[in-house]
Structures are given as structure tokens and as C-alpha cells.
> 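Have a look at this one before I ask anything.
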Amino acid sequence: MRLILFLILFVSTFMFAQDQQKPAQRDPYLKAPVNNNAPKQIRPEDKIKIIHADFVKKDPAKYDGNQYLEGNVKIENQGSILTADEVVLYSEENFAKAIGNTKLQNTDGSVITAGEMEYDGNTQKGVARKNVVLTDPKQTIRTDILYYDKLSNLAYFNTGGTISDGQNVMYTKSATYFLDTKMIDFVGNVKIDTPDYVIEGPNIKQNQNTKVAEFFGPTTITNRANPKNYIYTERGTYKMGSKESYLNKNSRIHYNDKILTGDDMYFNQLTGFGTATGNVTLDDPKEKRYVKGGYGEIFQKKDSSIITKNPYAVKILEKDSIYFAAEKIISYQKPDETDATKKKSFLRAFRKGRFYKSNAQGRADSIAFNETDGIMHMYTAPILWSGEKQVTGDKIEAYFNTATEDLDSLKVIGNAFAISKVDSLNLKDEFNQVKGKLMTVYYEKSEVKETKVIGNAQAISYADDFNEKTKENERIGITLTSCGIIDAIFESRVLQIVSCNIGATSDTYPMSKIEPARRKFQDFNWNTKDRIRKWQDILVDTPGYEEIKYEADTELYDAAKEAVEKEKAKEEAKKPKRVRK
């Protein structure tokens, strides 16, 4: 029976081959049909071979009179097996159209199923249509129309489709799949759904072996659990297994309501660790603060960051912003001790710390700023300027009013020393001074109002008196004060000692009776060279201003001293002179 069926198939095929076939109506992807007047010689091993069919038919009213196979059709070409309900075979063109439950089994293990297919045995290219599914060990592709090329070992679609690897689902308008390298090139509104993230962009290449995706064009990687945390880049690489991103163009990392940018960036979504190099900016819109530098690191889970390589930070305030700079700037947040639902923000500037505010400027080896409460700590050789006043000590704590943005008070711990220029409008070498172990300075409208000093308190103050006749202040002299506790008030240019308790001594000397050396404490350190006068001054270790040279006003003292010397000379002249005999 099998022999009879084979003979029928052979004779039918031979007889049908003698008829003139009409060319197949091909998809444009399969190129132009062969010229039947000059048929191309096809090698026997390249021809499409019929393995099985229940029926071989030919009907002038069907398929342009070309032969067709029906019932459990199976054909073979170059090792690939195509099965279908029905196949139209164009023998001279070595071309086949398969219809109904089509399935193409390729030698590389990939399988394509579809409602219908076209296949060219010469070029080994094909087109599958209607509910197309391509499966291989790495993923499953679903689309309406799939183009495949066995020689180039690739398949692509441009009518929209999905690719699934068991964990992730990719949606795209167009994609090319290279079956040998397992590389997929996505183009046009690409979306990749993973259990934890959603990736979207116009052009993504992904290697299904390495699970590495490359981005070309504006692309986002969004956290499903918290969509506010996402990555944006226009050129980058993403390791889907380890959740590591390497970002190289116009990139941003959004995390915990903050934004990190830089020329080249790295971020690990599992550990929350990220880095940025070149033109780094860490923006915190919620805190109205940003930090810039040459290199940065972020720790998402700790909600902290480090910026180095000439970093500086700007705390944006409505009236008067604060600027910080140092060799390293650290910012972090931690829960409020009184309310766990809230967080407090902190900023630290390490080594050569500087800050600028229009009404207060300072420098220290280290500066720690509690942004939420407006408390600044300055450690190791701190110096703070406010107007023409300077404060130094072992440690300085500055308290800012978060509502008015003004400096409210200072606390100076250890070797506290406050200096103020008597008259900022002249260059006279005249300074009010107060020092002690512990000092508290109170401000009013950005001006020093009151100073309290505890422990070995000392003061040097210039004393003036208002002349009712001339309507001008006249210098009385200089007051030297020493006691356990000093309470002083700054009124205009005058330092007025309100109280002096515990072992108090206070003496006022006329200008003619106090020598210049006693007009300043031995550790007097008025610093104009390193003073920060504009915010740009924080960008360097020191602005290196030329030291201001003040004019010493010793005219009265010198005159009095000269008079004394003359009196001494006169007395010496009256003494009898001894003559040797």
C-alpha cells in the first residue's frame, strides 16, 4: 500500500511539474520571483522535499493552478521541518506556502508556529503570519508577522509583539532576534516588564545569554514598588541579573526624592549603592539643597551621600541661601528622635570646611549642619565673621532661625574670643575684644546684640562719651575688665559692659596713659586674609586677600610719653654732676 501511495505521489509530482506554474505571490521580504523562462538551477540538496502528505492536488480554480498538499503535510529543507494542514508548493521556484497549524522546526532548536507561512528554499528566508510564536531555550516571541532568515540566523518583526524569558516580558513595536548570539535589538516604544522594575526606551539591545541590556536613546528603569525611584539615561548598559546600571549620557538616578547626575554613573538597585564621575550634582528638592563636585557616591538604603573633588553645597533659602565647601561633603537623613515618622537632614563638610551666608561666614576644619533644626557645629580652629565682628574658639555652635533664616545666637566653647571693629568706616587700629572659656553671643537683626562670657572673662573696650556741645562722641579712653562672668552689650560701635561678677576688676585708662601693647590681648588674631566676603570665596582654600593694614592711633600716648621723657631729662639736668679730681 505504501509503495502504491509513493508511486502516486511521484507520478503526480512529475506530471504537475510538466505544467507551466504561475509565479508565487511573495511577501516583499522574500524578494522578486524567479524568471520562469530562464529557471535557476537548484541543487538537489537545496530543494524542498516532500516527506508526507495525505493528498497531492491540483485545481485550476485554486492557488492559480499550482499543486498543493493536504492533510498532515510535512516538508523538509536544509534540515528544517515544516508541518501544516496545507502547503502550496512552487517546485520550480523552490518556494512553499503553508496554511493552517503551521510549524517550522529548525536545526538550532528554535520552533516557529503560526496560522500560515511562506518559505523560500533558495534563500532560506521565510515569513510567518497570524498568532506567530517563536520559541527556543531562551525565550518566546509572539507577534502577528515574523520574518526569519536561516542563513543569517535571525528573526524580526515590526508590527508589535512580546518576548518572554520566563521572568521578564518585553513589549516592542519592532525587534530583531539573532538566534546564534541570543541578542535582541528592540526598536520603537520598547517596554520590558520584570518582577521588580519596568524598563522603557526607544532602542534597547538585550543579550538573552548574559542578560545584559544596552540602551540607545531616552530610557527609564522604574522601581515597581516605588515609582518615584527610577533611572534615566540616553546611553547605558543594564545587567538584569545583578540589577547594575552603567550610565554614560545625560543620566539621572532618582532615589528617596533626590536626583544624582554626572557624566558617567553606576547604580546597583539591589544594594542601593551608586557612583557618579564628572560634573556631579546631587539635588534634593525637598530640602531645597544641592551638592556639586567631581565625584560622588550615594547609599540609598542609608539615605546618605559623599561628594568629593572640589565639592560645594547650596542650601536654597527664600531670603538668604547658605553655601558650603570642603574637601568632602556628606549629606544624610535619619529619623527624628521625637517623631519616627519624620526625618531630619544633616550636612557635613570635612577638612577645610567653609560656609557663606550674607550675614555670617566661617571656616573650620570640619562643619556639621543640622538643616532641619538650623544648628551648625564648627570643629577645630573655627572662625566666624559677622559684619565687622569675628569670633574664634575651640568649637563654635551657630543657631539659625529656620523661619526668619537669620543667625540667632552663637555658643563658643573653649578659648572663646570675640573681636569687633570699633568703627568699620575707618582704618584705625581699634578693636573691642572680649574673651573667656565659654561665650554665648546673641544676635538681633543679623547684628551682635549681647555677649555673655563665663570663666576667666576679660574685655578690652573703647569708651566714648557724648559731648552735648559738639553733638559728637569723644573718646574717653580704653577700659580693661577682668572677672568670672561678663555680660556685654554692643550698641552701635560701643561695647558696654553691663555686668562683671566674681573677682571683678575694671579700669579705664585715658588714651595718653595706655600703651599700645595693652590695647590688644596677646592672642589677638583679626584675620582679613582668609575672610570669606562673597560666596565664590568658598571654592578655594583661602581667597588670599591682602591683609588690611590699620593705622595705630598713639598720638596722645606718644605725646604723653615724650612729655614724661622731657620731664625726666629736666630732672636729670638739675642733679649735681660729680667731677673727678
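Position 1 is the first residue of the sequence; numbering continues from there.
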> Mind listing the closest non-hydrogen atom pair of A84 and T102 along with its distance?
CB-CG2, 3.7 Å

> Assess, by modelled atom type and distance only, whether the side chains of Q269 and Y238 contain a donor and an acceptor separated by less than 3.5 Å.
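There is such a pair (donor and acceptor under 3.5 Å, judged by atom type) between the side chains of Q269 and Y238.
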
> Determine whether E371 and F346 satisfy the following criterion, side-chain contact (heavy atoms from CB on, under 4.5 Å), listing intermediate values before the conclusion.
CA-CA 6 Å; E371 299 175 78; F346 299 85; 5.7 Å; no

> Is it true that the side chains of K103 and T113 contain a donor and an acceptor less than 3.5 Å apart?
no

> Does K74, at its NZ atom, have more than 12 non-hydrogen atoms belonging to other residues, nucleotides or ligands within less than 6.0 Å?
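No.
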
> What I'd like to find out is whether the side chain of Y68 reaches to under 4.5 Å of the side chain of V73, using heavy atoms alone.
no

> As a quick check of understanding, evaluate side-chain contact (heavy atoms from CB on, under 4.5 Å) for V190 and M170, giving each step before the final call.
CA-CA 7 Å; V190 183; M170 293 140 264; 5.6 Å; no

> Surrounding NZ of K211 (heavy atoms of other residues, nucleotides or ligands, distance under 6.0 Å), is the total greater than 12?
yes

> Give the minimum heavy-atom separation between D541 and R363, together with the two atoms involved.
O-NH1, 2.7 Å

> Out of curiosity, K239 NZ to E244 CD, how far, rounded to the nearest 0.5 Å?
5.5 Å

> According to the interplanar angle, ranging from 0 to 90°, do the rings of F400 and F369 count as parallel (below 30°), tilted (30 to 60°) or perpendicular (above 60°)?
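Geometry flag for F369 against F400: perpendicular rings.
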
> Tell me whether the guanidinium CZ or amine NZ of K302 lies under 6.0 angstrom from the six-membered ring centre of Y332 and within 45° of its axis.
no

> Any luck finding a side-chain donor-acceptor pair between S110 and D108 under 3.5 Å?
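Note: S110 and D108 side chains meet the donor-acceptor criterion.
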
> If we count only N and O atoms by modelled type, under 3.5 Å, do the side chains of N401 and D406 hold a donor and an acceptor together?
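N401 vs D406: no donor-acceptor pair found between side chains.
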
> Evaluate the side-chain contact (heavy atoms from CB on, under 4.5 Å) criterion for residues Y232 and L247: first the C-alpha distance (whole Å), next the side-chain angles of each, then the deciding distance (0.1 Å), finally the verdict.
CA-CA 9 Å; Y232 172 87; L247 316 171; over 6 Å; no

> With S345, which of Q333, K334, K286, R289 fulfils side-chain hydrogen bond (donor to acceptor under 3.5 Å, both in side chains)?
Q333

> Assess the side chains of Y177 and D136: does a donor N or O sit below 3.5 Å from an acceptor N or O?
yes

> Measuring from atom CD of E200 to atom CG of D193, what distance do you get when rounded to the nearest 0.5 angstrom?
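Answer for the CD-CG pair, E200 versus D193, is 8.0 Å.
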
> Between R235 and F216, is any pair of side-chain heavy atoms under 4.5 Å apart?
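In contact.
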
> Could you tell me if the ring centre of Y147 sits under 6.0 Å from that of F157?
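No.
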
> Going by atom types alone, do T194 and D196 pair a side-chain donor with an acceptor below 3.5 Å?
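No - no donor-acceptor pair under 3.5 Å links their side chains.
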
> Only one of T159, L146, I145 clears side-chain contact (heavy atoms from CB on, under 4.5 Å) with R129; which?
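Exactly one pass, corresponding to I145.
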
> Run through V198, V169, I199 and flag the one making a side-chain contact (heavy atoms from CB on, under 4.5 Å) with K191.
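Per the side-chain contact (heavy atoms from CB on, under 4.5 Å) rule, the option paired with K191 is V198, out of V198, V169, I199.
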
> Do R26 and Y90 touch side chain to side chain, with heavy atoms closer than 4.5 Å?
no

> Please tell me whether E297 and T275 have a donor and an acceptor in their side chains that are separated by less than 3.5 angstrom.
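Side chains of E297 and T275: no pair found under 3.5 Å.
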
> Would you say that N229 contacts H254 through its side chain, given a criterion of any heavy-atom pair below 4.5 Å between the two side chains?
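The answer is no, as the side chains (C-beta and beyond) never meet within the 4.5 Å cut-off.
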
> Does the side chain of K138 reach to within under 4.5 Å of the side chain of N209, using non-hydrogen atoms?
yes

> Can you tell me if NZ on K328 sees more than 12 non-hydrogen neighbours from other groups inside 6.0 Å?
no

> Are side-chain heavy atoms of Y148 and M117 found at a separation under 4.5 Å?
yes

> Nearest 0.5 angstrom please: D85 CG to L69 CG, how far?
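The CG atom of L69 is 12.0 Å from CG of D85, to the nearest 0.5 Å.
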
> Enter the distance from E86:CD to K62:NZ here, rounded to the nearest 0.5 Å.
4.5 Å

> Answer whether the closest heavy-atom distance between the side chains of K97 and E116 falls below 4.5 Å.
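No, their side chains stay 4.5 Å or more apart.
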
> If I take atom CG from residue N77 and atom CD1 from residue I48, how far apart are they, to the nearest 0.5 angstrom?
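If we round to the nearest 0.5 Å, N77:CG and I48:CD1 are 5.5 Å apart.
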
> Kindly compute the distance separating CG (D264) from OG (S251), expressed to the nearest 0.5 Å.
8.0 Å

> Between D537 and R354, does any NZ, NE, NH1 or NH2 come within less than 4.0 Å of an OD or OE carboxylate oxygen?
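So R354 does not pair with D537 through a salt bridge.
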
> Within a reach of under 6.0 Å around CG of N189, are more than 12 heavy atoms found that belong to other residues, nucleotides or ligands?
no

> Inspect the surroundings of NZ in K49 and state if more than 12 heavy atoms from other residues, nucleotides or ligands are less than 6.0 Å away.
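Counting neighbours around NZ of K49, more than 12 heavy atoms of other residues, nucleotides or ligands fall under 6.0 Å, so yes.
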
> If you look at every heavy atom in E118 and D27, which pair is closest and at what distance?
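The answer is OE1-N, 3.1 Å.
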
> Would you say CZ of R252 has more than 12 non-hydrogen atoms from neighbouring residues, nucleotides or ligands within 6.0 angstrom?
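Yes, CZ of R252 has more than 12 neighbouring heavy atoms, counting only those of other groups under 6.0 Å.
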
> Answer yes or no on whether K125 is positioned over the face of Y29, meaning its NZ or CZ is under 6.0 Å from the six-membered ring centre and within 45° of the axis.
yes

> Measure across I192 and Q206 and return the closest heavy-atom pair with its distance rounded to 0.1 Å.
CD1-OE1, 3.6 Å

> Got a donor-acceptor contact below 3.5 angstrom from the N122 side chain to the E93 backbone?
yes

> Pair I298, F267 - check side-chain contact (heavy atoms from CB on, under 4.5 Å), show working.
CA-CA 9 Å; I298 59 172; F267 188 64; 4.0 Å; yes

> Which atom pair, heavy atoms only, marks the closest approach of A313 to V291?
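That would be CB-CG2, 3.8 Å.
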
> Return the minimal non-hydrogen interatomic distance between P202 and T219, and the atom names on each side.
CD-OG1, 4.2 Å

> Hey, does T172 have a side-chain heavy atom less than 4.5 Å from the side chain of I184?
no

> Please list all pairs passing the side-chain hydrogen bond (donor to acceptor under 3.5 Å, both in side chains) test where one or both residues lie in residues 303-313, with sequence neighbours left out.
N256-D303, K258-D303, D303-K343, S305-S331

